[in-house]
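All figures in this text were calculated on a predicted structure; none of them were measured in a lab.
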Amino acid sequence: MSKKIAIYAAAAVFSIIVNIGSQYGVVQLFGDGTLAVYASIFVGTGAGLVSKYLLDKFLVFEEKLEHGRAMVSQFAFYTFTGVFTTIVFWGTEIFFHYAFESDLMRYVGGVIGLVIGYILKFLLDSRFVFRKAA
């Protein structure tokens, strides 16, 4: 396994913990009603997105800090390439939520969806977002 893939996998694990941990925190604060569950998925996605971008940019693809428009533009494109992978993640987590009616299984579905999404995201980011470092 290449060094870049190993670092990417570690960054993905960290971001999954950030995402699912954020979801868990929201549910603990606001209960496990339908609105809280969907809000937790949204909050977790945001927290995971930011942490994953920073880890990918600086650790995985070893890019330098950019200022202003360049970094904002790259983050926007990074977010755009994540739309499909986010649909996979959300769809899997929500499917598990309704199929098993269990918080634990919803989180399991979230982890499965994130793993599938991060595999696809690595391919997209290597080709389209972090081309200089790839």
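Annotation: cation-pi geometry not satisfied between Lys4 and Phe122 (NZ/CZ under 6.0 angstrom from ring centroid, within 45° of ring axis).
Separating the OG atom in Ser15 from the CD1 atom in Ile20 is a distance of 11.5 Å, to the nearest 0.5 Å. Here NZ of Lys52 is found 12.5 Å from OG1 of Thr79. Values are rounded to the nearest 0.5 Å. Interatomic distance, Leu123 CG to Phe128 CZ, rounded to the nearest 0.5 Å: 10.0 Å. Between the CZ atom in Arg127 and the OG1 atom in Thr81 there is a gap of 13.0 Å [rounded to 0.5 Å]. Atom NZ in Lys57 sits 5.5 Å away from atom CE in Met71 (nearest 0.5 Å). Taking NZ from Lys3 and CD from Glu62, the interatomic distance works out to 5.5 Å, rounded to the nearest 0.5 Å.
Residues passing the side chain to side chain donor-acceptor pair (under 3.5 Å) test with Ser40: none are found, sequence neighbours excluded. The side chain to side chain donor-acceptor pair (under 3.5 Å) check on Tyr118 picks up nothing, with sequence neighbours excluded. Partners of Tyr107 according to the ring pair (Phe, Tyr, Trp, His ring centres under 6.0 Å) rule, which considers only residues two or more places apart in sequence or in another chain, do not exist here. With sequence neighbours left out, Ser22 forms a side chain to side chain donor-acceptor pair (under 3.5 Å) with no residue at all. Applying the side chain to side chain donor-acceptor pair (under 3.5 Å) rule to Asn19 yields the partners Gln23; only residues at least two apart in sequence or on another chain are considered.
The residue from Phe100, Phe95, Tyr98 that alone fulfils the side-chain contact (heavy atoms from CB on, under 4.5 Å) condition with Met105 is Phe100.
Residues Phe89 and Ile116 fail the side-chain proximity criterion, which asks for heavy atoms closer than 4.5 Å. Contact of the Val115 side chain with the Ile16 side chain is registered, since non-hydrogen atoms from C-beta on lie closer than 4.5 Å. Counting heavy atoms from C-beta on, the side chains of Phe61 and Val129 never come closer than 4.5 Å. Using a 4.5 Å heavy-atom cutoff, the side chains of Ile41 and Ile94 are in contact.
Residues Tyr38 and Leu49 fall within the same hydrophobic cluster, defined by Ile, Leu, Val, Met, Phe, Trp and Tyr side chains chained together at heavy-atom separations under 4.5 Å. With hydrophobic clusters built from ILVMFWY side chains whose heavy atoms lie under 4.5 angstrom apart, Val18 shares a cluster with Ile7. Placement of Leu120 and Leu55 in two distinct hydrophobic clusters is found when ILVMFWY residues are connected by side-chain heavy-atom separations under 4.5 Å, directly or transitively. Phe77 and Ile87 are members of different hydrophobic clusters when ILVMFWY side chains are connected at heavy-atom separations under 4.5 Å. Val111 and Tyr24 fall within a single hydrophobic cluster, where Ile, Leu, Val, Met, Phe, Trp and Tyr are joined by side-chain heavy atoms under 4.5 Å apart, directly or via other members.
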Would you sort out whether Gln74 and Glu63 count as a side chain to side chain contact (heavy atoms under 4.5 Å, CB included), showing the intermediate values? CA-CA 11 Å; Gln74 185 182 50; Glu63 287 195 344; 2.9 Å; yes

Candidate pair Ile112 and Phe96, rule side chain to side chain contact (heavy atoms under 4.5 Å, CB included), full reasoning: CA-CA 10 Å; Ile112 292 169; Phe96 272 62; 3.8 Å; yes

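One finds no salt bridge joining Arg106 and Glu101 here, because no Lys/Arg side-chain nitrogen approaches an Asp/Glu carboxylate oxygen to under 4.0 Å.
Relative ring orientation between Phe75 and Tyr78 is described as parallel, the plane-to-plane angle staying below 30° on a 0-90° scale split at 30° and 60°.
Annotation: Phe80, atom CZ; neighbour count of heavy atoms from other residues, nucleotides and ligands within 6.0 Å does not exceed 12. The local environment of CG in Leu35 is sparse, with at most 12 non-hydrogen atoms from other residues, nucleotides or ligands closer than 6.0 Å. Taking a 6.0 Å sphere around CZ of Phe58, one finds it holds more than 12 heavy atoms contributed by other residues, nucleotides or ligands.
When all heavy atoms of Val26 and Ala36 are compared, the closest pair comes out as CG1-O, 4.0 Å.
Remark: side-chain polar atoms of Tyr8 are not paired, donor with acceptor, to backbone N or O of Asp56 under 3.5 angstrom.
For residues 82-91, the set of pairs meeting the side-chain hydrogen bond (donor to acceptor under 3.5 Å, both in side chains) definition, not counting sequence neighbours, comprises Thr45-Trp90.
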